[in-house]
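To keep things clear, I will list the structure first and then write my remarks on it.
One-based numbering along the sequence shown. Counting starts at 1 for both ligands and their atoms, in listed order.
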Amino acid sequence: VEPISLGLAIAGAAASALTGIISYPRLYCYFRECCLQRHDQRVAAVLQENLDKKLFGQHLVGKVVVKAVKGFLNNTKAKKPLALSLHGWTGTGKNFVSKIIAESIYKRGLQSKYVHQFVATLHFPHAHSINLYKDQLQSWIRGNVSICPRSLFIFDEMDKMHAGLIDSIKPFLDYYEFLDGVSYRQAIFIFLSNAGAEKITEVALDFWRNGRRREDIQLTEMQNALSVSVFNNKNSGFWHSTLIDRNLIDYFVPFLPLEYKHVKMCVRVEIESRGYVVDEDILTRIADEMTYFPREERIYSDKGCKTVDAKLDYYYDF
Ligand SMILES: Nc1ncnc2c1ncn2[C@@H]1O[C@H](COP(=O)(O)OP(=O)(O)OP(=O)(O)O)[C@@H](O)[C@H]1O
């Protein structure tokens, strides 16, 4: 057989094989990332498992997030996208949990082409460019949801976001069946903010001072605390009451400040993640080096679990 016809035969075989793969989405999606790839039941199971295993000191978060995501994914007739607002002190796990949620829906997690992250001070820094940002953000959200209905949008530093920009997101979170032919009802929006952290800490501290267990704090106590500090205070710089008045946020998720024992758990995980042998002395020294508040009782870590990894570099500097 001369080389040309052999080459053509091979090309033909490759083309039909490729057609075969494309015509079998499961096979295609085995090799490439696909929208709605992971079955919803699997998503909920992976989410529950990872939050139980990886998240420390946030019993309310585990309950609310799994219930919210599971309920949303199981609801084939959702009337609006899922909107979660995560509130709490720095370093308590808000970004960490949004990463876990992303990884439960898409194997590639935050690197998935269906997951989109925005940081207010990075992506929308200039107040005078707000109209440009609004147009960009609206076309970005519309375009990505058109490509994949189960798109995930994560907005960090919401308390630093300009009010007008927040209003541009509103239509996507509302109860429209279609907006310009696009349905947003399968999309998920996660907002992260430090707003309300003081109030959340006040409730946690009150429990501690009255000798009550942290784990006995109920969501209702936190919701009331958040409403006082965030929703009723129009100057919270948070939502400017736009999304709240219209009840477009489905769940407010409070992150409690982390205690010494949680910081030690973070240090241990960090040491193990690097494959180092856990030296209990070093672990304790790193946790002791962190600063704690209030001044008298020194209960909660000022930086949560942040900067633990940097401290590790210093102690395990081979
Ligand atoms: N509750 C927690 N359980 C386990 N690890 C945690 C927890 N909180 C924080 N961490 C660890 O600390 C790192 C930083 O936390 P993260 O970025 O989630 O903080 P944050 O709440 O988003 O802070 P900020 O408000 O400053 O953005 C995480 O990547 C994780 O490794």
Next on the checklist: Can you pull out every disulfide (SG to SG under 2.5 Å) where at least one residue sits in residues 53-92? Sequence neighbours excluded, please.
Outcome noted: none
Checklist outcome for this item: Sorted by chain and residue number, the residues having a heavy atom closer than 4.0 Å to an atom of ligand 1 are K54, L55, F56, Q58, W89, T90, G91, T92, G93, K94, N95, F96, N194, L258, C266, C305, K306
Checklist entry - If you measure from the Lys or Arg side-chain nitrogens to the Asp or Glu carboxylate oxygens, is any gap between R285 and E289 under 4.0 Å? => result no
Checklist entry - Do the charged groups of R268 and E280 touch, with an N to O distance under 4.0 Å? => result yes
Checklist entry - Distance-only, no hydrogens or angles: does the H262 side chain make a donor-acceptor pair with backbone N or O of L258 under 3.5 Å? => result no
Checklist entry - Salt-bridged, R209 to E297, with N to O below 4.0 Å? => result yes
Item to check | Salt-bridge criterion met for D180 and R142 (N-O under 4.0 Å) | outcome: yes
